2 protein chains.
Amino acid sequence: MADHPDFRLNDFIPYLLSQAAEAIGQQFAAIYRDRYGMLNTEWRVLAHLGEAGGLTAKQIGAQARVHKTKVSRAVVALERKRFVARTTSDTDRRSATLELTKTGRKVYEDLAVIAREYDRQLAHSLGQKGREDLVTQLRQLSSRRT
Amino acid sequence: MADHPDFRLNDFIPYLLSQAAEAIGQQFAAIYRDRYGMLNTEWRVLAHLGEAGGLTAKQIGAQARVHKTKVSRAVVALERKRFVARTTSDTDRRSATLELTKTGRKVYEDLAVIAREYDRQLAHSLGQKGREDLVTQLRQLSSRRT
DNA sequence: GGGTATTTGTTGCATTTGTAACTAACAACC
DNA sequence: GGTTGTTAGTTACAAATGCAACAAATACCC
(Lines give C-alpha, C1' and ligand atoms only; values in the text may rest on other atoms or scores of the structure.)
Protein backbone atom coordinates (compact mmCIF):
# COMPACT_ATOMS: atom_id res chain seq x y z
CA MET A 1 0.00 0.00 0.00
CA ALA A 2 1.13 3.52 -0.64
CA ASP A 3 2.54 5.01 2.50
CA HIS A 4 2.07 8.67 1.74
CA PRO A 5 -1.18 9.73 3.33
CA ASP A 6 -2.39 12.94 1.79
CA PHE A 7 0.80 14.43 0.40
CA ARG A 8 -0.18 17.70 -1.22
CA LEU A 9 2.17 19.83 -3.23
CA ASN A 10 0.14 22.82 -2.13
CA ASP A 11 0.98 22.19 1.50
CA PHE A 12 4.61 21.45 0.82
CA ILE A 13 6.77 24.23 2.18
CA PRO A 14 9.54 24.10 -0.44
CA TYR A 15 6.94 24.38 -3.17
CA LEU A 16 5.09 27.25 -1.52
CA LEU A 17 8.33 29.05 -0.89
CA SER A 18 9.48 28.70 -4.42
CA GLN A 19 6.15 29.85 -5.82
CA ALA A 20 6.05 32.88 -3.59
CA ALA A 21 9.69 33.77 -4.16
CA GLU A 22 9.26 33.54 -7.89
CA ALA A 23 6.04 35.54 -8.00
CA ILE A 24 7.35 38.29 -5.74
CA GLY A 25 10.88 38.32 -7.10
CA GLN A 26 9.85 38.76 -10.72
CA GLN A 27 8.04 41.96 -10.03
CA PHE A 28 11.00 43.68 -8.52
CA ALA A 29 13.37 42.07 -11.01
CA ALA A 30 11.46 43.72 -13.83
CA ILE A 31 12.39 47.08 -12.38
CA TYR A 32 16.15 46.71 -12.20
CA ARG A 33 16.12 44.84 -15.48
CA ASP A 34 14.18 47.49 -17.36
CA ARG A 35 15.84 50.48 -15.78
CA TYR A 36 19.44 49.37 -15.67
CA GLY A 37 19.69 46.11 -17.59
CA MET A 38 20.73 44.33 -14.44
CA LEU A 39 20.48 40.65 -13.65
CA ASN A 40 19.50 39.29 -10.28
CA THR A 41 23.02 38.69 -9.03
CA GLU A 42 24.07 42.12 -10.22
CA TRP A 43 21.34 43.70 -8.13
CA ARG A 44 22.40 41.69 -5.11
CA VAL A 45 26.03 42.62 -5.46
CA LEU A 46 25.11 46.25 -5.94
CA ALA A 47 22.90 46.17 -2.88
CA HIS A 48 25.54 44.58 -0.70
CA LEU A 49 28.07 47.15 -1.82
CA GLY A 50 25.55 49.90 -1.26
CA GLU A 51 25.05 48.80 2.32
CA ALA A 52 28.63 47.98 3.16
CA GLY A 53 31.03 49.45 0.63
CA GLY A 54 34.52 48.12 0.35
CA LEU A 55 33.94 44.42 0.15
CA THR A 56 35.87 41.79 -1.75
CA ALA A 57 34.17 39.39 -4.13
CA LYS A 58 34.69 36.64 -1.60
CA GLN A 59 32.99 38.60 1.16
CA ILE A 60 30.03 39.33 -1.03
CA GLY A 61 29.71 35.70 -1.97
CA ALA A 62 29.79 34.69 1.67
CA GLN A 63 27.22 37.25 2.78
CA ALA A 64 24.85 36.70 -0.10
CA ARG A 65 25.46 32.97 -0.36
CA VAL A 66 26.28 33.25 -4.02
CA HIS A 67 28.85 31.14 -5.79
CA LYS A 68 32.09 32.87 -6.65
CA THR A 69 31.67 32.44 -10.39
CA LYS A 70 28.33 34.20 -10.25
CA VAL A 71 29.82 37.00 -8.20
CA SER A 72 32.74 37.27 -10.59
CA ARG A 73 30.49 37.61 -13.59
CA ALA A 74 28.20 40.06 -11.86
CA VAL A 75 31.16 42.24 -10.93
CA VAL A 76 32.41 42.23 -14.51
CA ALA A 77 28.97 43.31 -15.69
CA LEU A 78 28.74 46.03 -13.06
CA GLU A 79 32.18 47.30 -13.95
CA ARG A 80 31.23 47.43 -17.59
CA LYS A 81 28.23 49.54 -16.62
CA ARG A 82 30.55 51.75 -14.54
CA PHE A 83 28.54 51.05 -11.40
CA VAL A 84 31.42 49.41 -9.56
CA ALA A 85 35.16 49.97 -9.43
CA ARG A 86 37.77 47.61 -8.09
CA THR A 87 40.97 48.46 -6.29
CA THR A 88 43.53 45.74 -6.03
CA SER A 89 44.72 45.29 -2.51
CA ASP A 90 48.29 46.28 -1.73
CA THR A 91 48.76 43.55 0.78
CA ASP A 92 47.18 40.72 -1.20
CA ARG A 93 47.11 41.22 -4.89
CA ARG A 94 44.84 38.26 -5.51
CA SER A 95 41.78 40.10 -4.34
CA ALA A 96 40.37 43.53 -4.89
CA THR A 97 38.15 45.79 -2.89
CA LEU A 98 34.95 46.64 -4.67
CA GLU A 99 33.14 49.91 -4.32
CA LEU A 100 30.29 51.71 -5.96
CA THR A 101 31.16 54.52 -8.29
CA LYS A 102 29.24 57.75 -8.06
CA THR A 103 26.94 56.43 -10.78
CA GLY A 104 26.61 53.13 -8.98
CA ARG A 105 25.60 54.88 -5.81
CA LYS A 106 22.91 56.81 -7.63
CA VAL A 107 21.57 53.60 -9.08
CA TYR A 108 21.65 51.96 -5.69
CA GLU A 109 19.83 54.83 -4.08
CA ASP A 110 17.22 54.86 -6.79
CA LEU A 111 16.58 51.16 -6.42
CA ALA A 112 16.67 51.29 -2.64
CA VAL A 113 13.83 53.78 -2.66
CA ILE A 114 11.82 51.60 -4.98
CA ALA A 115 12.62 48.50 -2.98
CA ARG A 116 11.47 50.11 0.22
CA GLU A 117 8.25 51.18 -1.40
CA TYR A 118 7.71 47.71 -2.82
CA ASP A 119 8.35 46.15 0.54
CA ARG A 120 5.95 48.61 2.10
CA GLN A 121 3.26 47.46 -0.31
CA LEU A 122 3.97 43.85 0.51
CA ALA A 123 3.79 44.63 4.21
CA HIS A 124 0.47 46.28 3.59
CA SER A 125 -0.91 43.18 1.85
CA LEU A 126 0.27 40.98 4.65
CA GLY A 127 -0.55 43.21 7.55
CA GLN A 128 2.03 44.33 10.05
CA LYS A 129 1.85 41.14 12.04
CA GLY A 130 1.79 38.96 8.94
CA ARG A 131 4.93 40.59 7.73
CA GLU A 132 6.71 40.08 11.01
CA ASP A 133 5.64 36.45 11.22
CA LEU A 134 6.85 35.88 7.69
CA VAL A 135 10.22 37.49 8.30
CA THR A 136 10.69 35.47 11.44
CA GLN A 137 9.98 32.18 9.72
CA LEU A 138 12.05 32.98 6.66
CA ARG A 139 15.04 33.88 8.79
CA GLN A 140 14.60 30.65 10.67
CA LEU A 141 14.56 28.66 7.45
CA SER A 142 17.54 30.42 5.92
CA SER A 143 19.72 29.90 8.93
CA ARG A 144 18.69 26.30 9.47
CA ARG A 145 21.69 24.03 9.50
CA THR A 146 21.38 21.25 6.97
CA MET B 1 20.16 63.83 0.28
CA ALA B 2 19.57 60.17 -0.10
CA ASP B 3 15.94 59.38 0.42
CA HIS B 4 16.16 55.78 1.45
CA PRO B 5 16.26 55.70 5.21
CA ASP B 6 17.63 52.40 6.42
CA PHE B 7 17.00 50.13 3.48
CA ARG B 8 18.37 46.78 4.47
CA LEU B 9 18.59 43.84 2.13
CA ASN B 10 18.16 41.60 5.13
CA ASP B 11 14.74 43.03 5.84
CA PHE B 12 13.67 43.00 2.22
CA ILE B 13 11.00 40.37 1.71
CA PRO B 14 11.90 39.36 -1.86
CA TYR B 15 15.47 38.78 -0.74
CA LEU B 16 14.52 36.79 2.34
CA LEU B 17 12.09 34.73 0.30
CA SER B 18 14.63 33.93 -2.32
CA GLN B 19 17.28 33.01 0.22
CA ALA B 20 14.91 30.74 2.10
CA ALA B 21 13.50 29.16 -1.04
CA GLU B 22 16.94 28.43 -2.36
CA ALA B 23 18.29 27.03 0.88
CA ILE B 24 15.27 24.82 1.49
CA GLY B 25 14.70 23.85 -2.12
CA GLN B 26 18.24 22.66 -2.74
CA GLN B 27 18.05 20.09 -0.01
CA PHE B 28 15.03 18.37 -1.43
CA ALA B 29 16.26 18.86 -4.98
CA ALA B 30 19.37 16.87 -4.16
CA ILE B 31 17.13 13.90 -3.43
CA TYR B 32 15.20 13.70 -6.67
CA ARG B 33 18.31 14.63 -8.58
CA ASP B 34 20.47 11.92 -7.06
CA ARG B 35 17.83 9.23 -6.98
CA TYR B 36 16.17 9.77 -10.31
CA GLY B 37 18.21 12.31 -12.24
CA MET B 38 15.26 14.66 -12.24
CA LEU B 39 15.27 18.41 -12.64
CA ASN B 40 13.07 20.74 -10.68
CA THR B 41 10.38 21.10 -13.31
CA GLU B 42 10.34 17.36 -13.83
CA TRP B 43 9.64 16.83 -10.14
CA ARG B 44 6.86 19.38 -10.27
CA VAL B 45 5.23 17.83 -13.28
CA LEU B 46 5.53 14.39 -11.76
CA ALA B 47 4.01 15.62 -8.52
CA HIS B 48 1.10 17.28 -10.24
CA LEU B 49 0.42 14.15 -12.23
CA GLY B 50 0.73 12.08 -9.09
CA GLU B 51 -1.92 14.13 -7.37
CA ALA B 52 -4.25 14.58 -10.30
CA GLY B 53 -3.51 12.12 -13.07
CA GLY B 54 -4.75 12.76 -16.56
CA LEU B 55 -3.71 16.35 -17.12
CA THR B 56 -2.61 18.04 -20.32
CA ALA B 57 0.61 20.00 -20.53
CA LYS B 58 -1.38 23.17 -20.58
CA GLN B 59 -3.22 22.30 -17.40
CA ILE B 60 0.00 21.50 -15.63
CA GLY B 61 1.53 24.76 -16.73
CA ALA B 62 -1.47 26.67 -15.44
CA GLN B 63 -1.57 24.89 -12.09
CA ALA B 64 2.16 25.05 -11.47
CA ARG B 65 2.65 28.43 -13.11
CA VAL B 66 5.38 27.10 -15.33
CA HIS B 67 5.97 28.24 -18.89
CA LYS B 68 4.83 25.87 -21.59
CA THR B 69 8.30 25.34 -22.99
CA LYS B 70 9.56 24.23 -19.60
CA VAL B 71 6.62 21.87 -19.24
CA SER B 72 7.18 20.54 -22.74
CA ARG B 73 10.80 19.75 -22.05
CA ALA B 74 10.07 18.25 -18.65
CA VAL B 75 7.48 15.95 -20.20
CA VAL B 76 9.94 14.81 -22.85
CA ALA B 77 12.47 14.01 -20.14
CA LEU B 78 9.90 12.16 -18.05
CA GLU B 79 8.79 10.17 -21.05
CA ARG B 80 12.35 9.21 -21.81
CA LYS B 81 12.67 7.94 -18.25
CA ARG B 82 9.40 6.03 -18.74
CA PHE B 83 7.77 7.85 -15.82
CA VAL B 84 5.06 9.44 -17.92
CA ALA B 85 3.04 8.36 -20.93
CA ARG B 86 0.98 10.54 -23.19
CA THR B 87 -2.26 9.73 -24.92
CA THR B 88 -3.34 11.98 -27.71
CA SER B 89 -6.87 13.14 -27.29
CA ASP B 90 -9.47 11.88 -29.74
CA THR B 91 -11.43 15.08 -29.69
CA ASP B 92 -8.51 17.51 -29.94
CA ARG B 93 -5.38 16.12 -31.46
CA ARG B 94 -3.26 19.11 -30.56
CA SER B 95 -3.02 18.10 -26.96
CA ALA B 96 -2.38 14.88 -25.10
CA THR B 97 -3.39 13.59 -21.73
CA LEU B 98 -0.42 12.80 -19.55
CA GLU B 99 -0.36 10.06 -16.98
CA LEU B 100 2.17 8.37 -14.76
CA THR B 101 3.30 4.93 -15.80
CA LYS B 102 3.52 2.23 -13.19
CA THR B 103 7.18 3.12 -12.75
CA GLY B 104 6.32 6.79 -12.55
CA ARG B 105 3.82 6.13 -9.83
CA LYS B 106 6.38 4.22 -7.79
CA VAL B 107 8.80 7.12 -8.12
CA TYR B 108 6.10 9.57 -7.14
CA GLU B 109 5.16 7.54 -4.11
CA ASP B 110 8.76 7.20 -3.06
CA LEU B 111 9.33 10.94 -3.32
CA ALA B 112 6.01 11.79 -1.71
CA VAL B 113 7.04 9.85 1.39
CA ILE B 114 10.35 11.65 1.52
CA ALA B 115 8.73 15.00 0.89
CA ARG B 116 6.29 14.48 3.71
CA GLU B 117 9.06 13.56 6.05
CA TYR B 118 11.09 16.56 4.98
CA ASP B 119 8.14 18.82 5.48
CA ARG B 120 7.58 17.28 8.88
CA GLN B 121 11.14 18.20 9.85
CA LEU B 122 10.67 21.72 8.63
CA ALA B 123 7.46 22.00 10.59
CA HIS B 124 9.34 20.79 13.62
CA SER B 125 12.01 23.49 13.20
CA LEU B 126 9.39 26.15 12.82
CA GLY B 127 6.96 24.94 15.40
CA GLN B 128 3.36 24.13 14.59
CA LYS B 129 2.25 27.69 14.77
CA GLY B 130 5.29 28.96 12.89
CA ARG B 131 4.55 26.59 10.08
CA GLU B 132 0.93 27.66 9.88
CA ASP B 133 1.86 31.33 9.91
CA LEU B 134 4.37 30.75 7.17
CA VAL B 135 1.96 28.84 4.95
CA THR B 136 -0.66 31.53 5.41
CA GLN B 137 1.69 34.31 4.39
CA LEU B 138 3.19 32.41 1.48
CA ARG B 139 -0.26 31.65 0.08
CA GLN B 140 -1.12 35.28 0.42
CA LEU B 141 1.97 36.33 -1.49
CA SER B 142 1.56 33.77 -4.24
CA SER B 143 -2.00 34.73 -4.93
CA ARG B 144 -1.35 38.45 -4.78
CA ARG B 145 -2.46 40.13 -7.96
CA THR B 146 0.32 42.10 -9.56
C1' DG C 1 -16.95 25.12 -47.73
C1' DG C 2 -13.11 28.64 -47.54
C1' DG C 3 -10.49 32.01 -45.28
C1' DT C 4 -8.68 33.97 -40.99
C1' DA C 5 -7.65 33.82 -36.12
C1' DT C 6 -6.60 31.17 -32.04
C1' DT C 7 -4.74 27.44 -29.42
C1' DT C 8 -1.39 23.50 -28.15
C1' DG C 9 2.80 22.16 -28.08
C1' DT C 10 7.66 22.00 -30.09
C1' DT C 11 12.03 23.81 -31.76
C1' DG C 12 16.04 27.05 -32.71
C1' DC C 13 18.85 30.41 -30.95
C1' DA C 14 20.73 33.53 -27.60
C1' DT C 15 21.42 34.19 -22.74
C1' DT C 16 22.34 32.49 -18.20
C1' DT C 17 23.98 29.11 -15.00
C1' DG C 18 26.83 25.22 -12.95
C1' DT C 19 31.02 22.54 -12.69
C1' DA C 20 35.57 21.84 -13.06
C1' DA C 21 39.87 23.26 -14.48
C1' DC C 22 42.84 26.86 -14.45
C1' DT C 23 46.13 31.09 -13.29
C1' DA C 24 48.23 34.05 -10.13
C1' DA C 25 49.37 35.21 -5.58
C1' DC C 26 50.26 33.97 -1.10
C1' DA C 27 51.48 30.76 2.99
C1' DA C 28 53.96 27.15 5.32
C1' DC C 29 57.50 24.24 5.83
C1' DC C 30 62.02 22.43 5.20
C1' DG D 1 65.58 29.83 -1.38
C1' DG D 2 62.67 26.01 -3.09
C1' DT D 3 58.90 22.86 -2.80
C1' DT D 4 54.17 22.06 -1.70
C1' DG D 5 49.65 23.44 -0.47
C1' DT D 6 46.03 26.86 -0.22
C1' DT D 7 43.26 30.79 -1.63
C1' DA D 8 40.97 34.56 -4.80
C1' DG D 9 39.22 35.02 -8.81
C1' DT D 10 38.63 33.82 -13.90
C1' DT D 11 37.54 31.06 -17.81
C1' DA D 12 36.01 27.17 -20.76
C1' DC D 13 32.58 24.04 -21.66
C1' DA D 14 28.22 21.72 -20.82
C1' DA D 15 23.62 22.09 -19.29
C1' DA D 16 19.39 24.74 -18.47
C1' DT D 17 16.42 28.63 -19.47
C1' DG D 18 13.75 32.37 -21.96
C1' DC D 19 11.99 34.13 -26.02
C1' DA D 20 10.42 34.21 -30.53
C1' DA D 21 9.14 31.76 -34.40
C1' DC D 22 7.03 27.79 -35.90
C1' DA D 23 3.71 23.69 -37.34
C1' DA D 24 -0.49 21.48 -36.71
C1' DA D 25 -5.09 21.30 -35.23
C1' DT D 26 -9.19 23.57 -34.11
C1' DA D 27 -12.54 27.49 -33.84
C1' DC D 28 -14.86 31.26 -35.86
C1' DC D 29 -17.16 33.74 -39.35
C1' DC D 30 -18.89 34.78 -43.93
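Naming: A, B, ... by sequence-line order, numbering from 1 per chain. Values below: every heavy atom of this structure, side chains too, minus hydrogens, waters and symmetry copies. Here the structure is a predicted model, which is why all the values come from computation and not from measurement.
When all heavy atoms are compared, the tightest approach of Thr41(B) to Ala74(B) is CG2-CB, 3.8 Å. Taking all atoms of both residues into account, the shortest heavy-atom contact from Ala123(A) to Arg131(A) is CB-CD, 3.3 Å.
Panel note: side chain Gln19(B), backbone Ala64(A); a donor-acceptor pair is recorded below 3.5 Å. The main-chain N or O of Lys68(B) is never found under 3.5 Å from a side-chain atom of Ser72(B) such that the two would form a donor-acceptor pair.
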Trace of the salt bridge (Lys or Arg N to Asp or Glu O under 4.0 Å) decision for Glu22(B) with Arg65(A): CA-CA 10 Å; Glu22(B) 197 157 323; Arg65(A) 300 192 194 184; over 6 Å; no
Give the intermediate values and the outcome of side chain to side chain contact (heavy atoms under 4.5 Å, CB included) for residues Tyr36(A) and Asp110(A). CA-CA 11 Å; Tyr36(A) 302 110; Asp110(A) 180 44; 2.5 Å; yes
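Scanning atom types as modelled, no donor and acceptor separated by under 3.5 angstrom connect the side chain of Arg86(A) and the base of dG9(D). No N or O donor and acceptor, one from the side chain of Arg73(A) and one from the base of dG9(D), sit under 3.5 Å apart.
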Reading nucleotides 21-29 of chain D 5' to 3', which nucleotides get B (base under 4.0 Å from a protein heavy atom), which S (sugar-phosphate only), which -? ---BBS---
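One atom, CH2 of Trp43(B), and another, P of dA16(D), lie 19 Å apart when rounded to the nearest Å. For Met38(A) and dT16(C), the CE to P distance is 13 Å, given to the nearest whole Å. Atom CG in Leu55(B) sits roughly 15 Å away from atom C1' in dT8(C) (whole-Å rounding). Whole-Å rounding puts the Gln26(B) CD to dT19(C) C1' distance at 14 Å. To the nearest angstrom, P of dG18(D) lies 12 Å from CG of Leu39(A).
Taking the nucleotide of DNA chain D with the nearest heavy atom to each of Lys70(B) and Lys58(A), the more 5' of the two is matched to Lys58(A).
Contact check, Ser72(A) against dG9(D): no side-chain N or O comes under 4.0 Å of OP1 or OP2.
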